[in-house]
Amino acid sequence: MDYLKTQGVKSLKGNIRISGAKNASLPLIAMTILAKNKVNIKNLPHVADINTLLKLLSNLGAECNFLDDRVIVDTTSINNTKATYDIVKTMRASILVLGPILARFGHCEVSLPGGCAIGQRPIDLHLKALEQMGAKIEIKAGYIEATTPNGLKGCEIIFDKITVTGTANIVMAAALAEGVTTITNAAREPEVVQLCEVLDASGVKIKGIGTAILTIHGTGGELVDIPEFTIIPDRIEAGTYLCAAAITKSELTLTHVEPKHLGAVLAKLEEMGSSFTLGKDFITIHPAKDIKPVKIITQEYPAFPTDMQAQFMALATQADGVSIIEERLFENRFMHVSELQRMGADISLNGHTATVSGKAQLSGTDVMATDLRASSALVLAALVSEGETNIHRIYHLDRGYDSLEKKLEGVGAKIERLKE
Ligand code: UD1
């Protein structure tokens with residue numbers, strides 16, 4: 001198993017190129033199941049979750065050629081509609097194949113994803129919406145068994161809660177359904193927007209893209225050819241490196257980034273004293289000399305993302321004063337707290353709220369990554385710790401960060417990947 005050995009640094013300097021967004025790539029790869037042509041996707045990140053989904057598609061019978069940052073997916077050869085537990089258990093987002101397999105083949109079996117480190121993460125809203133569209137769903141021996149005896153029919157869906165993968169799943173199912181589907185309380189994340197835009201360019205008329213009400217005119221059969229497209233930049237990766245700059249008080253420039261997707265993150269960094277020079281596809285951060293404390297509430301896009309909560313907590317340990325961080329999306333997304341405390345952070349937890357008192361002198365030690373974003377919070381803390389930090393179980397980190405240690409090393413961090 002790999003681990004990261006990291007030393008504290010005085011400062012970082014230079015440019016970091018941001019990769020394509022993992023959370024945009026996953027639904028867009030799942031969408032290729034709906035295609036009747038070979039689909040060419042550019043700017044994919046090299047992260048384990050992408051390999052997992054491509055493996056799932058290969059198991060279904062698709063052909064996937066992933067070279068450099070480009071994949072060509074041919075799903076015309078799919079001859080199997082069962083997404084098995086061995087893959088689904090390693091990545092919950094595998095549930096994204098449910099909508100498209102069902103829409104194309106009229107039947108499928110998808111393993112239930114099971115538990116998750118950051119909370120229960122049910123998929124009831126995905127299933128309820130598919131049933132409204134005419135699917136018959138049974139849960140048998142840990143699998144979702146779904147059929148569409150009369151095909152999928154457009155209907156009116158109102159999500160009780162905003163769900164990102166739920167919205168993506170239903171948009172994909174609705175794309176081939178007969179008639180019009182309206183999704184109220186749809187997710188507005190840029191990753192959902194890109195999925196809708198690509199489907200819209202493939203013959204599925206979608207109105208309200210980027211709003212909470214999506215109207216999808218199903219084709220009742222097939223898509224026209226899906227054109228080549230480029231995955232949007234990863235806003236969470238970008239946010240993480242902005243925090244790396246802020247915590248080490250370094251000026252860094254991120255390239256190949258979309259500043260418009262980072263509104264809430266930039267606003268909080270500004271409150272903490274940083275300023276920015278923004279271009280069309282770059283951000284230079286001018287860090288605060290003294291980091292100010294902050295109040296953060298995680299919510300759905302365009303509000304502050306839960307996927308940035310752990311990194312801001314690491315940053316808040318270095319603020320002069322008391323920061324309050326409230327997690328509203330996932331009930332157990334504070335697993336990084338105990339590891340940050342072991343490094344010397346002063347954090348107290350009360351239900352969904354963390355109180356972080358700074359500024360703490362952090363010390364390097366052995367710590368354990370517990371989930372994807374918690375892992376990067378530990379890397380950020382390690383950058384300003386005295387001595388050496390060894391971050392173990394970085395397979396979590398590898399699920400979603402493309403070459404993190406190489407990118408940080410490139411701007412002067414002392415970080416290396418070693419084997420246990
Ligand atoms: C996606 C992102 C993840 C991010 C999360 C919230 C991907 C691959 N993953 O996860 O990085 O942290 O959005 O921004 O894009 N819920 C239900 N029932 C459902 C579905 C969701 O109760 O059927 C609840 C969840 O438990 C959670 C909330 O709704 O409390 C939001 O979850 P959701 O948006 O579905 O998260 P994911 O799509 O799994």
Side-chain angles (χ1 to χ4, degrees), residues 20-31 44-45 47-50 52-53 56 88 90-99 110 112-132 137 139 144 157-173 183 185-196 212 231-232 234-237 239-240 261 264-265 296-312 326-336 352 371-377 396-397 399-401:
K22 167 182 90 73
N23 285 355
S25 307
L26 294 172
L28 285 161
I29 291 171
M31 177 211 63
L44 281 174
V47 299
D49 275 9
I50 301 296
T52 303
L53 187 57
L56 196 165
V88 177
T90 65
M91 186 182 70
R92 295 184 54 81
S94 305
I95 195 68
L96 284 164
V97 302
L98 176 64
V110 176
L112 282 169
C116 172
I118 63 172
Q120 279 192 14
R121 302 185 80 171
I123 50 153
D124 55 315
L125 301 174
H126 304 227
L127 302 184
K128 193 173 147 202
L130 287 171
E131 281 176 336
Q132 273 181 268
I137 295 180
I139 307 292
I144 303 157
I157 287 156
I158 302 174
F159 278 128
D160 291 341
K161 265 190 192 172
I162 299 175
T163 161
V164 176
T165 48
T167 303
N169 239 333
I170 301 312
V171 166
M172 291 188 279
I183 306 177
N185 213 16
R188 291 181 286 161
E189 269 66 3
E191 296 77 18
V192 175
V193 167
Q194 189 175 26
L195 172 71
C196 292
I231 299 290
I232 57 171
D234 196 314
R235 63 194 166 98
I236 305 301
E237 188 198 19
T240 303
H261 294 164
V265 167
I296 287 175
I297 297 174
T298 67
Q299 274 168 299
E300 296 85 1
Y301 189 86
F304 187 88
T306 173
D307 286 353
M308 284 302 304
Q309 180 255 104
Q311 300 89 316
F312 268 76
E326 192 183 330
E327 172 58 54
R328 290 229 181 131
L329 274 107
F330 295 111
E331 67 265 27
N332 195 24
R333 204 167 199 179
F334 278 140
M335 307 245 291
H336 42 284
H352 294 282
D371 68 61
L372 169 55
R373 306 304 170 184
S375 319
S376 56
H396 290 294
L397 192 91
R399 283 190 38 221
Y401 285 95

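Order of listing sets the numbers, starting from 1, for every ligand and every atom in it. Since we're looking at a predicted model, the values are computed, not measured. Position 1 is the first residue of the sequence, and the numbers go up from there.
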_Nearest atoms (heavy-atom pairs only) where Leu53 meets Met91_ = CB-CE, 4.0 Å
_Check this for me - ligand 1, Lys22, N or O atoms closer than 3.5 angstrom, yes or no?_
no
*List every atom of ligand 1 that sits less than 4.0 Å from any heavy atom of Ile123, numbering the atoms from 1 in the order shown and giving each element.*
19 (C), 23 (O)
_Against ligand 1, does Pro305 come closer than 4.0 Å with any heavy atom?_
no
*Are Asp49 and Arg92 close enough for a salt bridge, meaning some N to O gap below 4.0 Å?*
no
*Please state which part of Arg373 comes within less than 4.0 Å of ligand 1, counting heavy atoms only: side chain, backbone, both or neither.*
neither
*Give, for atom CZ of Arg399 and atom CD1 of Ile50, the distance between the pair rounded to the nearest 0.5 Å.*
10.5 Å
*Under 4.0 Å from any heavy atom of Thr306, which atoms of ligand 1 are there?*
6 (C), 12 (O), 14 (O)
*Would you name the heavy atoms of Ala168 and Pro27 that are closest together and state the gap between them?*
CB-CB, 4.2 Å
*asked:* At less than 4.0 angstrom from any non-hydrogen atom of Asn23, what atoms of ligand 1 do you find?
replied: 2 (C), 3 (C), 7 (C), 8 (C), 9 (N), 11 (O), 15 (O)
*Heavy-atom nearest neighbour of atom 20 (C) of ligand 1 within options Ala30, Ala21, Pro122*: Pro122
*Nearest 0.5 Å, what's the OG1-CD distance between Thr306 and Glu300?*
10.0 Å
_Glu191 touching ligand 1 at heavy-atom level, < 4.0 angstrom_ = no
*Counting heavy atoms only, which part of His126 comes closer than 4.0 Å to ligand 1: side chain, backbone, both or neither?*
both
*Taking the non-hydrogen atoms of Asp160, is any one of them nearer than 4.0 angstrom to ligand 1?*
no
*Quick one: does ligand 1 sit under 4.0 Å from the side chain of Leu125, the backbone, both or neither, non-hydrogen atoms only?*
both
*If every non-hydrogen atom of Val192 is compared with every non-hydrogen atom of Ala187, which pair is closest and at what distance?*
CG1-O, 3.7 Å
*asked:* For Ile232 versus Gln194, what's the shortest heavy-atom pair and its separation?
replied: N-OE1, 3.2 Å
_Nitrogen or oxygen atoms of Glu189 and ligand 1 under 3.5 Å apart_ = no
*Determine the minimum heavy-atom distance between Asn169 and Leu96, stating which atoms define it.*
OD1-O, 3.4 Å
_Tell me the closest heavy-atom pair linking Ala374 and Asp371, and the distance in Å._
N-OD1, 3.0 Å
_Straight-line distance of Met31 CE to Leu195 CG, nearest 0.5 Å_ = 7.0 Å
*Which bit of Asp307 gets closer than 4.0 Å to ligand 1, counting heavy atoms only: side chain, backbone, both or neither?*
side chain
*Per the side chain to side chain contact (heavy atoms under 4.5 Å, CB included) rule, which among Gln311, Arg235, Met308 passes with Val265?*
Met308
*Take every heavy atom of Gln309, measure it against each atom of ligand 1, and state whether any distance is under 4.0 Å.*
no
*Please list, chain by chain and in numerical order, all residues satisfying ring pair (Phe, Tyr, Trp, His ring centres under 6.0 Å) with Phe304, sequence neighbours excluded.*
Phe312
_Contact partition for Phe330 relative to ligand 1, non-hydrogen atoms under 4.0 Å_ = side chain
*Using a strict cut-off of 4.0 Å, indicate which atoms of ligand 1 neighbour a heavy atom of Arg333.*
12 (O)
*Examine Val164 against ligand 1 and note whether any of their N/O atoms are separated by less than 3.5 Å.*
yes
*Is Thr163 close to ligand 1, meaning an N/O of one under 3.5 Å from an N/O of the other?*
yes
*Side chain, backbone, both or neither: which part of Ile162 comes within less than 4.0 Å of ligand 1 when only heavy atoms are counted?*
backbone
*Which atoms of ligand 1 are found less than 4.0 Å from any heavy atom of Leu329?*
27 (C), 30 (O), 31 (C)
